[in-house]
There are 2 protein chains.
Amino acid sequence: MTEAQQPGFSRCNNATLRRAARRLGRFYDDALGTSGLKSTQFGLLFQIHVSGEPAMGAIAEALIMDLSALGHTLKPLIRDGYVETFADKDDRRIKRVRLTPQGQAKLDEAIKLWSAAQRQFEDMVGAKQAAKLRATLDEVAALDFEMATAAPSI
Amino acid sequence: MTEAQQPGFSRCNNATLRRAARRLGRFYDDALGTSGLKSTQFGLLFQIHVSGEPAMGAIAEALIMDLSALGHTLKPLIRDGYVETFADKDDRRIKRVRLTPQGQAKLDEAIKLWSAAQRQFEDMVGAKQAAKLRATLDEVAALDFEMATAAPSI
DNA sequence: TTCAATTAGTGGCATATGCCACTTTCGGCG
DNA sequence: CGCCGAAAGTGGCATATGCCACTAATTGAA
């Protein structure tokens, strides 16, 4: 019982990460508010933008998202006309994604808002500190969690 | 256009944070798998456990969650009999939350699984590094983003 | 060439989170 | 005491994410 922890109980790496994500998410969401995009959608549009007409699987992998989750997340963006999909020429299983002209315009608009938020955040925590945090988070994202729970097969 | 960014574009603090959160979330989710709890639910049960029959608002504040979101998240846990609510004696607006005996048992079970995951994670990134990351994330979570976008009123 | 295994997505179902519009209580004031 | 504004939740609606079961295409043998 003595391990009842301090008020924070921020011992769980995952819980701490989610907590910060909720916080920061709302901040960026607010900043993007007038564009009508959520920070998640902004990130997705941006990823599509910097990739060249990427396949869904490629986006999912880059963002470390479940493929089906990506499909769901893409729907409102397609519905609103920011994104469109088209079949790959060589492999008909593959569906590629790209921004529509309106999607490009919306992204440009959102980037301005995002920049302000990004700047404000970095002013508060320090650009160097922020870069360091991102680097650490990228390391976490890149971790290869091989199962240690189950006995290795073969 | 030259700012088209590198393959990663991990420039956005928020996107980077979410990406890592998805990754780590799945890892902890897998670890908790056999308990039937998601890492989010585990965190919630734990928070209730360490707080003393907290009011919903108190939990929401501690976890930096929207109050209504907390209400929604609590439902499956109530439905499954892990948590129960009851009215505050003095203020009928307040609804307090506590674990049921089964909830306690389930939490105990989950803590074992969580510990293994926690340990594995810290073995990979280093306990010191992990503690540092959590500290930074707690700082982010504690940031007070006053609006700079709009002109200050009054 | 033909069939099994693999790869890429889709759809359904469930939880996670937020925002907004209300409803119920409290608390403080005139 | 009666009313107004603040505080605490609830419900509805929408997006974010995952897992699983399937379907459609491909690829790699036999």
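Protein chains get the first letters and strands the later ones, always in sequence-line order, with residue 1 at the start of each. Since the model is a prediction, treat every value here as computed from it, not as a measurement.
- When the nucleotides D:dG18, D:dG9, C:dT15 are ranked by their closest atom to the side chain of A:M65, D:dG18 comes out on top.
- Nearest nucleotide to the side chain of A:K38, out of C:dG12, D:dA16, C:dG9: D:dA16.
- Taking 4.0 angstrom as the limit, A:R79 places a side-chain polar atom (N or O) nearer than this to OP1 or OP2 of D:dT15.
- Summary of the strand contacts: A:D90 and A:L74 both lie near DNA chain D, and taking for each the nucleotide with the nearest heavy atom, the more 5' one is attributed to A:L74.
- Under the 3.5 Å distance criterion, the side-chain polar atoms of A:D29 are matched with a main-chain donor or acceptor of A:S39.
- Taking only side-chain atoms of A:S68, from C-beta outward, the nucleotide of C:dT10, C:dT15, D:dG11 with the closest atom is C:dT10.
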Can you list the steps and then say if A:T100 with A:Q104 is a side chain to side chain donor-acceptor pair (under 3.5 Å)?
-> CA-CA 6 Å; A:T100 62; A:Q104 257 305 325; over 6 Å; no
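- A side-chain donor-acceptor contact under 3.5 Å links A:E122 and B:N13.
- Mapping B:A69 and A:A58 onto DNA chain C by nearest heavy atom places A:A58 at the nucleotide closer to the 5' end.
- At a cut-off of 3.5 Å, with distance as the only test, no side-chain donor of A:Q102 or A:D80 sits close to an acceptor on the other residue.
- Judged by distance alone, the side chain of B:R18 and the main-chain N or O of A:T40 form no donor-acceptor pair under 3.5 Å.
- Looking at residues 91-100 of chain A, you'll see A:R93, A:I94, A:K95 sit with a heavy atom under 4.0 Å from some atom of DNA chain C.
- Each of C:dT15, C:dA16, D:dT15 was ranked by its minimum atom distance to the side chain of A:Q41; first place goes to D:dT15.
- Shown here for B:L63 and A:R22, the closest heavy-atom pair between the two residues is O-NH2, 2.8 Å.
- Candidate nucleotides C:dG11, C:dC19, C:dG9 were compared by shortest atom distance to the side chain of A:R26, and C:dC19 ranks first.
- With distances taken from any side-chain atom of B:R22 to the nucleotides C:dT17, D:dG18, C:dC19, the minimum falls on D:dG18.
- In the set D:dA16, C:dT17, C:dC19, the nucleotide with an atom closest to the side chain of A:R18 is C:dT17.
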